[in-house]
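All remarks here apply to the structure that follows.
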Amino acid sequence: MLDTIYLKDYAPPAWLIDKLDLHVAIHEEYTEVRGMLACRRNPAGPGGELVLDGEELALQELSLGGTALVDSDYTLDDDTLCIRAVRGAALPDHFTLETRVRIDPDSNTQLSGLYRSRDGYFSQCEAQGFRRISFFPDRPDIMARFSCTIEAERQDFPQLLSNGNLVASGTLGNTRHWARWEDPYAKPCYLFALVAAKLDMLEDSFVTRSGRVVRLAVYVEPGKLDQCGHAMSALKKSMSWDEQRFGLEMDLDHYMIVAVGDFNMGAMENKGLNIFNTKYVLARPDTATDSDYQNIDRVIAHEYFHNWTGNRVTCRDWFQLSLKEGLTVFRDQEFSADTHSSAVTRIQSVRQLRIAQFPEDAGPMAHPIRPVSYAEINNFYTATVYEKGAEVVRMIHTLIGRDAFRHGMDLYFQRHDGQAVTCEDFVAAMQDASGLDLSQFRRWYSRAGTPHLKAEGCYDAAVQRYTLTLSQSLAPTAYEQRLQDAGLAIEEGPLHIPVALGLVLPDGSDALEREYPAGTCVLSLTESTQRFVFDHIPAEPVASVLRGFSAPVHLDFPQSDAELAHLMAYDSDACNRWEAGQRLASRVLLAGVAAGGQDTAWIPESFVAAVDRVLDDGMRHDAALAAEALILPAEQVLAEEMAGRGQIIDPEAIHRSRLTLRHHLAARLRDKFEAAWQALAPSSPYAPDGLQVGRRALRNLALGYLAESDEAYLKGHVMPRLMAQCNADNMTDVIAALGTLANLDVAERTTALADFYTRWQDEALVVDKWLQVQATSRLPGTAMRVRALMGHGAFDIKNPNKVYALVRAFCAANPRHFHGADGEGYRLAADVILQLQAMNPQVAARIARAFDRWRQFDSERQSHARTQLERIQGSTNLARDVAEVVGNALG
Ligand code: ARG
Ligand code: ZN
């Protein structure tokens, strides 16, 4: 059985560590780590022994205040070291503990703790990697001042980096050197970082608004300096933005970003020494796409913003993870909205929430943004904790308004700077700063599942009154079942839901324009059912509910096609214009699913007309918004809609329906797509700026539709363009063409893929794209090709980016083939999970999440999935990470 950790069992630590002085000596055969821990009995603690975490540490020496401890003074097992006494005597209230251990970073394939990557040694400590470096109470409420001396071969590892300031350095003998770093701020050990590597560096500086000069440095693999300019400018933009929007300044003299090709996640906010997946640093027009550029901006900002929301104020325990992650995602979303297009940013966040978080909330891993139990914390770095967490923060922002929110942030820092706190502390600051009672709102922190919001409108022309009735419901999820099994209390009662509402009149204007800014009023839904009345509405309006997607809910609002078309055309809220289009498209596509995806009788003429209008609009006004509007709802989103209606998910029918609609639109609107393709041709050299990004998005979308044309047109008119575009000067256009070709059963596909590989085989991140377009191909036989690619020299199961690009892309972004009726997709996933789980349990567990929705499919598929899940579960020495995910899936 898996051990479960419960929030209710939280107790303050018995001992505090005020200082940790580390000495890390890297040798070819092993690394030796010495730790000097300044320990102090916690006056507010429960008393008892000093418990230190340690994993895969070979203990060499242990002494207390200079006295070597004897066997009876401590106990040591696989994951803890308990110090009880010093030579039989009771522990004093203050002492220094000295530890010396050996670790083997070269054989650390988990990429947690200290590990070897091509250019040197790198660390990743969140959540529990520090215990793989040195004995320490590895919990975020222990905040210590760190100093770190690193020693290594000078030639191979010229850069020796850690948190804070470089205070001394020197040489040792002929070939070795050392550097000593001190971090002036106390921090939890998950924010510790160490790098010993041979890297190139781009240097710059930033002057904060109070005049502090901060040295900025981006370290990358040798030879890649031409790919780090964008990251550096993103960092400077983030620094100014946080000063302007939140009054938050950088607090250190150095801010370093190190890029590494082997990394489990996106990036890590270690104090003053962020470590990044290369994917979120390196970019050049010919190697990175527009969305890569945007993601770099977002992730650089995210990690930088953590310096305040995460580092200066951190989490008391890991159940509070959303305290820093939800808030920091909210902040990076706001940054993106302010620096790119706010409407496009919001639309993309909402799409992502629907693709990743809603299914999570409906599946066996469902949990609230603040869970109350876990077996493996690494399994809870989820779309719920991050993205839904950000939605919850956004709802507070919506309810109390931008100014009060800012006061709430100020108050939060005034009260908690330098502390490890809880989600409750954050909400309390927001409540106190705004005066709004958030007690009911707090339920969002402890409820799993996506609520349903039902709306019903009624217009009384005689008295010019519009009445909107809103009701909410939230069915129990797998999470409530787990609570019940553990004998834990289940929260009940309605949520506090902000519903942003506009009333759009027949002429397209906003009925509420005079009373409310932007014609949008924010309703507070606090009851199960509530009625809202609006007087002086001159004509029957079309309600625009949940403007800006003001709450993460499913909206059940039976609006007619004509009403949705009206919103698509006139809603002053761009997000809801897009949403109306998505609702209309879902409706059409699900009708297609019901019709078996055959013929085209289910495609209403009005839908073709709506797409036509959006295209027109896009060419004249906002190309980026038009491109968003023309992306049909994802197969995963349609699948969830079916599941939500109690239907069995039919991945084949969903795929067919979507494809038929694309073919139909391509045939009916070919001239329009051609016109868009011509009109949006590039007129200036590549730059990843908003205007160009939008034009490229719409132009490539048009090209994608043109590629759905009949064979003659495809061969005669589209193929030459696709092949030419494979040699474009920017990766956005290249990958759009290559991705389209990868879906087509034509000889050119093979040529284009081979040429691309030949050209880019030495550029790891570009090879990832090559793997990904093949993994997400809709052609038959894709599962087999993915398997074959796993044997290709380009693939490396030890590298998370490769696994994500090939295997996770296949499992998570190619639903039709992953859920193939023959069960081959499931077998492939299980094979990878079994091969990977001992090597890198975190990555294996992320792949295992692909099985989340297995019970929503037909019995044939269910039986294939069950076979694979049971095969995984039955394997010996299964990693806790995978065991938790698979255990929940099998329930
Ligand atoms: N705190 C990092 C971020 O959000 C993510 C670290 C995740 N680490 C992990 N082992 N799950 O930027
Ligand atoms: Zn984060």
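Because only heavy atoms are used, hydrogens play no part in the values below, and waters and symmetry mates are left out as well, while side chains stay in. Just so you know, ligand 1 is whichever comes first in the structure, and atom 1 is the first atom listed for that ligand.
- Salt bridge Asp119/Lys224: absent, no basic N to carboxylate O contact under 4.0 Å.
- Not a single N, O or S atom of Glu303, from either the backbone or the side chain, sits less than 2.8 Å from the Zn ion (ligand 2).
- Judged purely by distance below 3.5 Å, without hydrogens or angles, the side chains of Asp106 and Tyr115 never pair a donor atom with an acceptor atom.
- Angle NE2(His306) to the Zn ion (ligand 2) to NE2(His302): 100° [nearest 10 degrees].
- The aromatic rings of Phe335 and Trp241 sit perpendicular, their planes meeting at an angle over 60°, well past the 30° parallel limit.
- Residues Val258 and Phe276 have side chains not in contact (no heavy-atom distance under 4.5 Å, counting atoms from C-beta outward).
- Relative orientation of the Phe380 and Tyr374 rings is tilted, given thresholds of 30° and 60° on the angle between their planes.
- In this structure, Lys187 forms a cation-pi arrangement with Phe146, its terminal cationic atom sitting closer than 6.0 Å to the ring centre and no more than 45° off the ring axis.
- Checked for salt-bridge contact, Asp251 and Arg312 meet the test: a charged N lies under 4.0 Å from a carboxylate O.
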Below 3.5 Å only, please: the N or O atoms of ligand 1 paired with protein N or O atoms, distance on each line.
| residue | atom | partner | partner atom | Å |
| --- | --- | --- | --- | --- |
| ligand 1 | 1 (N) | Glu126 | OE1 | 2.5 |
| ligand 1 | 1 (N) | Glu269 | OE1 | 2.7 |
| ligand 1 | 1 (N) | Glu269 | OE2 | 3.4 |
| ligand 1 | 1 (N) | Lys324 | NZ | 3.4 |
| ligand 1 | 1 (N) | Glu325 | OE2 | 3.0 |
| ligand 1 | 4 (O) | His302 | NE2 | 3.4 |
| ligand 1 | 4 (O) | Glu325 | OE1 | 3.0 |
| ligand 1 | 4 (O) | Glu325 | OE2 | 3.1 |
| ligand 1 | 4 (O) | Tyr386 | OH | 2.6 |
| ligand 1 | 8 (N) | Glu126 | O | 3.4 |
| ligand 1 | 10 (N) | Glu126 | O | 2.9 |
| ligand 1 | 10 (N) | Asn378 | OD1 | 3.0 |
| ligand 1 | 10 (N) | Gln842 | OE1 | 3.2 |
| ligand 1 | 11 (N) | Asn378 | OD1 | 3.3 |
| ligand 1 | 12 (O) | Ala267 | O | 3.2 |
| ligand 1 | 12 (O) | Glu303 | OE1 | 2.9 |
| ligand 1 | 12 (O) | Glu303 | OE2 | 2.6 |

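- When the Zn ion (ligand 2) is compared with the N/O/S atoms of Glu325, atom OE1 turns out nearest.
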